[in-house]
Structures are given as C-alpha cells and as structure tokens.
Amino acid sequence: MSEQKLKHFVPTPPRLPATNEQNLLRRIQKRCFNSIGNSLLTISVLVLIYYVAKSFLDWAVFNAVWNAATRRECMDISPDGACWAGVIDWFNGLIYGRYPDEEQWRVNGGVIMALLWLLPLMTRRIAYRNSILISWITLYPFLGAYMFLGGTFGQDVGIIHMIFTSLAAGYFILLYLNWMLCAAGQPSLPERLTPLTSKLFRRGQHMNGFLLVWAVLSILCGGVLAQVHLEPVPVDRWGGLFLTLIIASFAITMSIPVGILLALGRRSKLPVIHWLSMMLIELVRAVPLITVLFMAVTLLPIFLPSGAEPDKLSQVLFAVCLFAGAYMAENIRGGLQAIPDGQYEAAQTLGLGYWLTMGLIILPQAMRLMIPNIMTSFISMLKDTTLVSIIGLFDIMLMARNIANDKNWIGLHTEPLALISILFFVMCYGMSQYSLNLEKRLKAHRS
C-alpha cells in the first residue's frame with residue numbers, strides 16, 4: 001500500500017505570487033523608521049535638508065534682487081539676497097561672449113541647424129539613416145563654421161571650405177526632402193531616379209541616384225550661398241557658452257575616431273604602431289589637461305611652417321582632441337579586451353579581413369559594452385573645457401569672472417558661478433540620463 005501511494009503522489013497546486021498591499025506610508029515606515037537608529041538618522045537628514053533648502057531659497061529667490069543698476073544698489077535693497085540683476089545685465093555676454101549683437105542670429109541658427117540635422121534619426125525607415133550621424137560629424141562643421149565665421153565665397157571663404165559647405169547644405173536639404181517623402185509614404189528621391197540611373201549605371205543604381213541628387217542640390221546651394229555675404233566675425237570675438245559648446249562638441253565628436261585608432265594601434269602586432277600609440281596615450285594621460293593646453297599654445301606653432309600661424313582656438317581644439325582621444329582609447333581598449341576570442345575566430349571563418357572584422361563585429365560590441373565609461377569621459381570633457389579660460393579664451397567661465405571686474409558689478413562672484421553650476425548640472429545630468437536610456441534600449445534590443 002505504501003508503494004502504491006508513492007506512485008500516485010499528487011503535488012500541491014502552485015501558490016500565487018505575493019501581492020504588495022503596502023501603501024506609501026507603510027513603505028516609508030518600513031525603510032526609514034524601522035528602528036531607533038534609522039529613525040534618528042532620517043529625522044536628522046530631513047532637518048538638514050530643510051535648513052539648507054530654506055537658506056538657499058531665501059538667498060536665491062525670496063530675498064534676491066532682480067532689477068538694479070549697480071551692485072551697491074542691490075546691497076542697499078537686500079544685503080542678504082542674491083544680486084541677479086548683474087547676471088541679467090551680463091547674460092548676453094555669458095551666452096555669446098563678445099559676438100556682435102546684430103550677428104547673434106547666426107549662432108542661434110547654427111545651433112538649431114545642428115539639432116535639426118539629427119532630428120531625422122527618430123525615423124527608422126528613412127533612406128541612408130546610418131549616414132546621418134557620419135554626415136553630421138564630417139559635413140556640419142563646415143556649414144557651421146561658415147555661419148559663425150561669415151564671409152563671402154571665393155574671397156573670405158577658401159575653395160575647399162566652399163565645396164564642403166555646399167555639400168553640407170545640399171545634404172541637409174536632401175535629408176529633409178527624403179524625410180518628408182518617407183513621412184508621406186512615398187519613395188525617396190534616389191528611388192524616383194532609378195529609371196534614369198539604371199540606364200547610366202549597371203550597378204548601384206540607388207546609391208548613384210543618391211549621389212546624383214546630392215550633387216545637383218549642392219551645386220544649387222553653392223550658387224545661392226555665393227550671392228550671400230555674411231559679415232566676418234573673427235574667432236577672438238567668440239566666447240561664452242557658445243564657445244564652450246563648440247570646444248566640448250569638437251572634443252566629444254573627435255574623441256571617438258581618435259580613440260579607436262589609438263586603441264587599435266596599441267593592440268596592433270606591428271611594433272612601431274604599437275609603441276607609438278602606447279607612448280602617445282601614456283604621455284597624454286600622465287599630465288593634466290592644462291599642461292596639454294599650454295604645450296599646444298606654445299609648442300605647436302614651432303612645428304608648423306613659418307607662414308602658418310593658427311589661431312588660439314585651433315590650437316586648443318587640437319589639444320582637447322588629443323587629450324580626449326587618449327582617454328577614450330583606454331575605454332575602447334577595455335571594451336575590445338572584453339570581447340571573447342570566439343568572435344574573432346568566427347569572423348576569420350567567414351573570411352572577413354581585419355577592418356571588416358573590427359567594423360562589423362568587434363567594435364560595435366565593444367562600444368556597446370563601454371557606454372557608461374564613454375559617457376563618463378564625455379561629461380568630464382564638457383566640464384574640463386572651462387580650463388581654456390586660463391589661456392585667454394573668453395569662454396563662459398572667463399566671462400563670468402569678468403562680471404566682477406565691471407565697475408557697476410565689482411565683487412559679484414557668487415551669482416555668476418551659481419548660474420554656471422546650474423547650467424553644467426542640467427547639461428551633465430541630461431547626458432547621463434541619455435546614456436542610461438541608450439544602454440537600456442540596446443540591452444532590450446539585444447535580448
């Protein structure tokens with residue numbers, strides 16, 4: 001009988017998952033007031049937050065002065081409050097530096113165009129979607145430089161800059177024409193030219209149609225831009241947040257390709273490339289950024305031809321690009337080392353060469369693994385750009401220090417620095433949140 005009962009064993013039905021019936025107050029009580037020590041610690045932290053927040057709001061909002069002509073007038077109105085009137089008076093300089101007031105629309109237009117260039121990435125069905133980011137890195141700097149520097153084609157703008165500016169403008173128009181056709185459910189412009197390109201080319205009709213439309217639009221844009229004259233604005237008039245974003249954007253953009261080349265060079269089996277890459281990485285990472293900036297400003301002109309005299313901004317861009325690339329190379333090298341050897345062997349089995357293996361299989365996985373480290377380097381680079389004020393560039397930090405030297409606002413230091421802190425917190429926090437969202441999206445796509 002006992003053996004017969006064991007053979008007819010019936011398992012108990014599975015239990016339902018436990019439901020969380022605790023409300024918000026119960027959760028707070030369980031996490032913050034579950035013991036005497038935690039209760040005292042919670043109360044102490046709340047009291048500290050209350051006093052800090054109250055003092056800050058009293059200084060920054062309730063007792064602040066928003067309208068005054070001088071700092072003395074601010075102190076007469078409210079000696080215990082912030083004098084935001086000086087920051088408001090200098091706000092235009094904090095954003096644009098010494099850029100002429102009547103030409104500041106060009107800065108706004110260039111920044112808006114940079115954002116609009118990346119906007120079609122939201123659409124997954126647009127033609128040649130993968131080339132949008134590459135075009136933004138390679139072509140937009142020429143169009144942006146033309147808008148910021150100004151001048152006339154053929155006179156102030158050289159032939160090479162003129163060609164690439166026309167190509168950038170033509171690509172931008174083609175990008176939005178294809179996006180509008182995609183949104184309307186219509187074939188793109190290159191697809192509409194397939195009957196024509198099929199007669200002219202045996203292969204690659206779609207790509208050749210894209211290039212043909214791009215060339216025509218670039219020629220038209222070049223003809224239009226040749227009739228436009230923008231007042232030249234030299235680089236030494238740039239400044240404020242505008243200059244800070246230019247330096248940070250260039251450093252962040254160029255750090256990826258420079259870092260990839262240095263990381264691959266350090267892992268190369270060729271001794272010359274390996275040792276040169278390793279020496280460059282270790283030399284740059286062994287000194288602070290301010291040292292690299294001083295070396296670029298003082299030593300770089302010595303190695304250039306006698307007739308070449310680059311401006312200070314070009315020297316700074318070279319320095320920050322080299323500095324950011326050296327740090328990015330170590331991040332990327334860490335991602336490359338995390339890829340198992342089976343990936344390389346699978347690529348060799350498929351007959352892929354070195355560059356195809358790296359570009360199609362290894363590097364995409366390594367970059368995805370190193371997203372947190374890469375974004376950390378980007379945030380650090382954004383904050384480190386404020387060091388350029390030490391070598392005389394009028395970025396937002398130097399413009400903020402100049403407020404205290406104004407005869408009407410002598411000694412106004414705290415309020416400009418508080419504003420800059422808030423601006424950098426917003427930008428860095430936004431970058432970190434984008435990094436988290438990108439990481440979650442890639443993990444979800446991978447799973």
Side-chain angles (χ1 to χ4, degrees), residues 103-123 125-235 246 249-250 253-254 257 314 317:
E103 302 294 334
Q104 289 175 3
W105 63 270
R106 288 154 50 180
V107 176
N108 301 331
V111 174
I112 293 174
M113 185 174 293
L115 298 176
L116 292 177
W117 199 299
L118 299 176
L119 191 60
L121 287 173
M122 300 172 58
T123 304
R125 296 180 299 172
I126 189 172
Y128 297 101
R129 183 175 181 270
N130 295 332
S131 65
I132 295 177
L133 185 59
I134 299 176
S135 66
W136 185 77
I137 296 174
T138 57
L139 294 177
Y140 172 75
F142 293 95
L143 184 59
Y146 170 70
M147 294 190 65
F148 301 149
L149 289 171
T152 304
F153 275 18
Q155 299 179 7
D156 305 299
V157 181
I159 182 66
I160 297 178
H161 191 181
M162 179 179 66
I163 293 174
F164 279 96
T165 302
S166 302
L167 290 174
Y171 185 90
F172 182 76
I173 295 176
L174 176 60
L175 176 63
Y176 268 83
L177 289 176
N178 286 336
W179 193 22
M180 290 187 293
L181 291 174
C182 178
Q186 301 294 325
S188 62
L189 286 178
E191 293 176 352
R192 293 173 179 268
L193 293 179
T194 301
L196 176 62
T197 54
S198 60
K199 298 178 181 180
L200 299 176
F201 307 98
R202 294 182 179 180
R203 298 179 179 178
Q205 290 86 1
H206 196 276
M207 174 61 72
N208 291 321
F210 177 83
L211 296 177
L212 181 62
V213 176
W214 184 13
V216 172
L217 289 176
S218 300
I219 293 173
L220 294 177
C221 291
V224 173
L225 293 175
Q227 307 302 320
V228 177
H229 174 74
L230 297 177
E231 189 66 24
V233 179
V235 174
I246 285 181
S249 301
F250 185 85
T253 302
M254 295 304 298
S314 301
L317 292 178

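All values reported here derive from a predicted model rather than from experimental measurement.
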Please list, one pair per line, the donor and acceptor atoms closer than 3.5 Å that link side chains of residues 218-228 to other protein atoms, with sequence neighbours excluded.
unit_1	atom_1	unit_2	atom_2	d
Ser218	OG	Trp214	O	2.7
Ser218	OG	Trp214	NE1	3.3

Practice problem: Give a yes or no on this: more than 12 heavy atoms of other residues, nucleotides or ligands lie within 6.0 Å of atom CZ of Phe172. | Solution: yes
Once rounded to the nearest 0.5 Å, what's the spacing between atom [atom1] of [X] and atom [atom2] of [Y]?
| X | Y | atom1 | atom2 | answer |
| --- | --- | --- | --- | --- |
| Met162 | Ile160 | CE | CD1 | 10.0 Å |
| Leu177 | Cys182 | CG | SG | 13.0 Å |
| Ile132 | Leu175 | CD1 | CG | 5.0 Å |

Practice problem: Identify, with sequence neighbours excluded, every residue that meets side-chain contact (heavy atoms from CB on, under 4.5 Å) alongside Thr253. | Solution: Trp136, Ile137
Self-check item: Residues in side-chain contact (heavy atoms from CB on, under 4.5 Å) contact with Leu119, at least two apart in sequence or another chain
Solution: Leu116, Met122, Tyr176, Trp179
Applying side chain to side chain donor-acceptor pair (under 3.5 Å), name anything that partners [X], two or more places apart in sequence or on another chain.
| X | result |
| --- | --- |
| Ser135 | Trp117 |
| Tyr171 | Ser131 |
| Thr138 | none |

Quiz item: Can you find a pair of side-chain heavy atoms, one from Tyr146 and one from Leu230, that are under 4.5 Å apart?
Solution: yes
Self-check item: Shortest non-hydrogen contact from Gly151 toward Val157
Solution: C-CG2, 4.4 Å
Quiz item: Can you name the residues that form a ring-ring contact (aromatic ring centres under 6.0 Å, His included) with Phe250, not counting sequence neighbours?
Solution: none
Show every donor-acceptor pair shorter than 3.5 Å between a side-chain atom in residues 106-115 and any protein atom, with sequence neighbours excluded, or say none if there are none.
unit_1	atom_1	unit_2	atom_2	d
Arg106	NE	Met147	O	2.7
Arg106	NH1	Glu103	OE1	2.7
Arg106	NH1	Glu231	O	2.8
Arg106	NH2	Met147	O	3.1
Arg106	NH2	Phe148	O	3.2
Arg106	NH2	Glu231	O	3.2
Asn108	OD1	Tyr96	OH	2.7
Asn108	ND2	Tyr96	OH	3.3
Asn108	ND2	Gln104	O	3.4

